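Okay, so here's the structure we're looking at.
Quick caveat: nothing in here was measured; it's all calculated off a predicted structure.
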2 protein chains.
Amino acid sequence: MLSAIMEDYLKAIYYLQDETDERVRTSTLAEHMDVEQPSVTSMVKKLAERDFIHYKPYKGVVLTDTGIPVVLEIIRHHRLLERYLTERLEYDWAEVHDEADRLEHHISNQFADRIAAQLGNPAVDPHGDPIPTADLDVSPPQSGETLADQQVGDKVRIERVPDNDPDLLRYLSEHGITPKTVVEIVETTSFGMVTLDPDGTDERVALPEEVARSIIAQTLTGASN
Amino acid sequence: MLSAIMEDYLKAIYYLQDETDERVRTSTLAEHMDVEQPSVTSMVKKLAERDFIHYKPYKGVVLTDTGIPVVLEIIRHHRLLERYLTERLEYDWAEVHDEADRLEHHISNQFADRIAAQLGNPAVDPHGDPIPTADLDVSPPQSGETLADQQVGDKVRIERVPDNDPDLLRYLSEHGITPKTVVEIVETTSFGMVTLDPDGTDERVALPEEVARSIIAQTLTGASN
DNA sequence: TTATATATTTAGCCTCGTCTAATTCTCTCC
DNA sequence: GGAGAGAATTAGACGAGGCTAAATATATAA
Ligand SMILES: [Mn+2]
Ligand SMILES: [Mn+2]
Ligand SMILES: [Mn+2]
Ligand SMILES: [Mn+2]
């Protein structure tokens with residue numbers, strides 16, 4: 001079989017190749033996995049040897065058709081776990097990531113299917129990320145629009161937030177911002193600050209543009225169109 | 001921290017020293033862990049180095065006061081998982097052991113505490129084994145009486161069955177024998193066969209004496225006393 | 001087109017958990 | 001009390017994953 005470490009490498013490759021749409025470089029992977037480059041080189045050789053990735057020396061790697069379903073299975077585990085932890089075991093959505101990142105490698109597919117059934121086969125995880133089905137279909141990524149692309153006065157529905165920064169997640173949920181929340185953009189500044197008003201509140205929530213760009217949102221009504 | 005493998009060694013030592021009430025020998029451990037003896041020797045040195053066990057060369061090992069709570073924590077995880085899997089995720093009690101044996105090393109104490117809370121802090125696992133509390137108290141072992149110690153005509157309540165033989169567990173549950181079941185001993189033979197009648201049924205369930213001896217039961221009424 | 005900077009790979013070493021083969025200790029039995 | 005038998009340990013190796021330092025390939029920029 002495949003070690004937990006190998007699975008994490010494959011998962012990292014999946015996310016990175018999705019982001020950049022290019023071959024994933026050794027250095028990028030090294031940073032992501034928090035190891036030195038030679039460790040990556042030796043690992044990608046093993047993964048290529050076993051046909052999960054295509055490796056071209058000095059040119060980076062891509063997942064093969066063998067590798068992709070492996071990754072999707074892990075992502076299914078991860079997102080179902082996150083959902084189950086928040087929904088059934090009273091975890092805060094800020095704490096689920098680490099627990100899920102470990103357990104994803106150790107639960108059986110049977111376990112995953114059972115918690116999926118308990119949850120009614122949910123389509124998305126607590127951060128709005130799509131959960132692959134048991135036969136590993138994944139919904140296509142949402143429209144690329146982010147909170148940073150909006151105009152003042154726009155109303156948008158939050159679709160997806162990054163799941164790996166607990167502090168941000170705590171901040172967001174404390175201010176009533178989760179997937180499905182509708183917010184109005186009340187201010188954007190030249191120095192990179194976006195201010196929101198969650199629907200039905202008078203609260204003002206400020207976010208650095210950098211962060212706003214990482215939050216996917218669906219435009220509902222625009223003052224500008 | 002401690003690797004999953006090390007935890008399994010400690011757990012094995014715990015069970016073996018409980019069974020024999022003596023120092024656990026290298027060979028016993030090797031058989032239990034399904035590795036060769038030199039592997040055990042090198043592992044017990046590491047565990048002794050870290051003070052989880054006391055190791056006397058050529059004389060076997062014993063858990064230290066540092067090692068015992070480590071084991072109890074793992075056993076708590078294992079038994080809570082088994083209970084949760086059967087009760088909330090529709091696992092058959094014959095299938096839970098393997099899943100629990102893997103996951104016990106990977107769930108956090110928080111996870112264990114949450115499933116314990118969901119279950120109402122149960123005292124025993126599906127096989128009747130006591131679940132250590134969050135502060136690691138364990139109920140003392142049940143009376144040593146087994147199904148093999150009974151007389152024909154005795155009524156006994158099943159307390160505990162071995163959890164590592166799926167076939168046996170399936171057989172038992174198919175014939176309505178689980179912890180809490182009351183059965184009457186209807187026959188014992190000189191060639192080692194015990195026959196039971198589960199309470200309220202007319203069914204006859206036969207078991208080899210070897211197996212009967214591994215099932216703990218509480219005598220309720222005896223024809224003989 | 002050539003020189004320099006940067007990314008990547010190779011070389012060699014380490015720890016963990018395992019193995020086989022060889023050696024040494026312990027125990028029993030005469 | 002000594003000879004063997006049998007159990008346990010030591011010696012030396014291997015694969016997985018990691019590291020550092022050295023070598024090499026690629027990219028950039030003159
Ligand atoms: Mn992971
Ligand atoms: Mn998530
Ligand atoms: Mn285990
Ligand atoms: Mn059990």
Side-chain angles (χ1 to χ4, degrees), chain A residues 1-14 16-17 19-63 67 70-71 74 101-102 104-106, chain B residues 1-14 16-17 19-63 67 70-71 74 101-102 104-106:
Chain A
M1 264 294 86
L2 221 43
S3 72
I5 301 276
M6 285 175 152
E7 290 183 353
D8 275 337
Y9 271 94
L10 292 176
K11 208 173 67 158
I13 294 166
Y14 179 86
L16 293 170
Q17 91 183 11
E19 256 173 40
T20 66
D21 227 352
E22 292 173 352
R23 304 186 77 91
V24 180
R25 309 178 130 295
T26 306
S27 48
T28 317
L29 255 180
E31 192 187 358
H32 205 85
M33 295 298 294
D34 200 26
V35 296
E36 300 302 317
Q37 291 197 33
S39 308
V40 173
T41 302
S42 86
M43 180 58 87
V44 297
K45 281 180 178 172
K46 283 176 211 162
L47 292 171
E49 179 62 35
R50 295 177 59 178
D51 228 53
F52 295 113
I53 61 179
H54 179 242
Y55 167 51
K56 201 162 169 189
Y58 296 99
K59 299 295 182 180
V61 299
V62 208
L63 287 171
V70 172
V71 173
I74 303 162
D101 225 22
R102 240 180 317 112
E104 63 187 358
H105 310 289
H106 303 291
Chain B
M1 266 292 85
L2 223 44
S3 72
I5 301 277
M6 286 175 153
E7 291 184 351
D8 274 339
Y9 272 93
L10 292 177
K11 209 174 64 159
I13 294 166
Y14 179 86
L16 293 172
Q17 90 181 12
E19 255 174 41
T20 66
D21 227 353
E22 292 174 353
R23 305 187 74 91
V24 179
R25 309 174 78 55
T26 306
S27 47
T28 318
L29 213 36
E31 192 187 357
H32 204 86
M33 297 296 298
D34 200 27
V35 297
E36 299 303 317
Q37 291 197 30
S39 308
V40 173
T41 302
S42 86
M43 180 57 87
V44 296
K45 281 180 179 173
K46 285 177 209 161
L47 292 172
E49 178 64 34
R50 294 177 60 178
D51 228 54
F52 295 113
I53 61 180
H54 179 242
Y55 166 52
K56 201 158 167 189
Y58 295 99
K59 299 295 180 177
V61 298
V62 208
L63 286 172
V70 172
V71 172
I74 302 163
D101 225 23
R102 241 179 317 111
E104 61 185 0
H105 310 288
H106 303 291

Might you list the N or O atoms of the protein lying below 3.5 Å from N or O atoms in nucleotides 13-15 of chain D, with each pair's distance?
none

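- Residue A/V40 is tested with A/V24, A/L29, A/V61 for a side chain to side chain contact (heavy atoms under 4.5 Å, CB included); the sole match is A/L29.
- Atom P of nucleotide C/dA7 and atom CD of A/E31 are separated by 11 Å, given to the nearest angstrom.
- To the nearest 0.5 angstrom, B/I53 atom CD1 is 10.5 Å from B/Y9 atom OH.
- For the pair A/Q17 (side chain) and A/L63 (backbone), a donor-acceptor distance under 3.5 Å is present.
- Residue contacts for B/M33: at a heavy-atom cut-off of 4.0 Å it reaches no nucleic acid atom on any strand shown.
- For the pair A/D34 CG and D/dG18 C1', the interatomic distance rounds to 12 Å; values are reported in whole Å.
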Let me see the working for B/T41 and B/T26 under side chain to side chain contact (heavy atoms under 4.5 Å, CB included), right down to the final yes or no.
-> CA-CA 7 Å; B/T41 302; B/T26 306; 3.9 Å; yes
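- As rounded to whole Å, 11 Å separates atom P of D/dG17 from atom CG of A/L10.
- Residues B/S27 and B/Q37 share a closest heavy-atom pair of CB-NE2, 3.7 Å.
- Distance CG/B/L2 to NZ/B/K46: 11.5 Å, rounded to 0.5 Å.
- Shown here for A/A12 and A/H32, the closest heavy-atom pair between the two residues is CB-CD2, 3.6 Å.
- Atom CE of A/M6 and atom NE2 of A/H105 lie 13.0 Å apart (nearest 0.5 Å).
- Of the residues in residues 40-47 of chain A, those lying under 4.0 Å from DNA chain D by heavy-atom distance are A/M43, A/K46.
- Computed from coordinates, the A/K56 NZ to D/dT26 P distance equals 11 Å when rounded to whole Å.
- With rounding to the nearest 0.5 angstrom, the CE atom of B/M33 is 9.0 Å from the NZ atom of B/K11.
- When the P atom of C/dT15 is taken as reference, atom CE of B/M6 falls 14 Å away, rounded to whole Å.
- In this structure, A/E49 atom CD and D/dG17 atom C1' are separated by 17 Å, rounded to whole Å.
- One distance of note links CE of B/M43 with CD of B/E49; it measures 13.5 Å at 0.5 Å rounding.
- To the nearest 0.5 angstrom, B/H54 atom NE2 is 13.5 Å from B/L47 atom CG.
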With B for base contact, S for sugar-phosphate-only contact and - for none (protein heavy atoms under 4.0 Å), nucleotides 20-27 of chain C reads BB---SSS
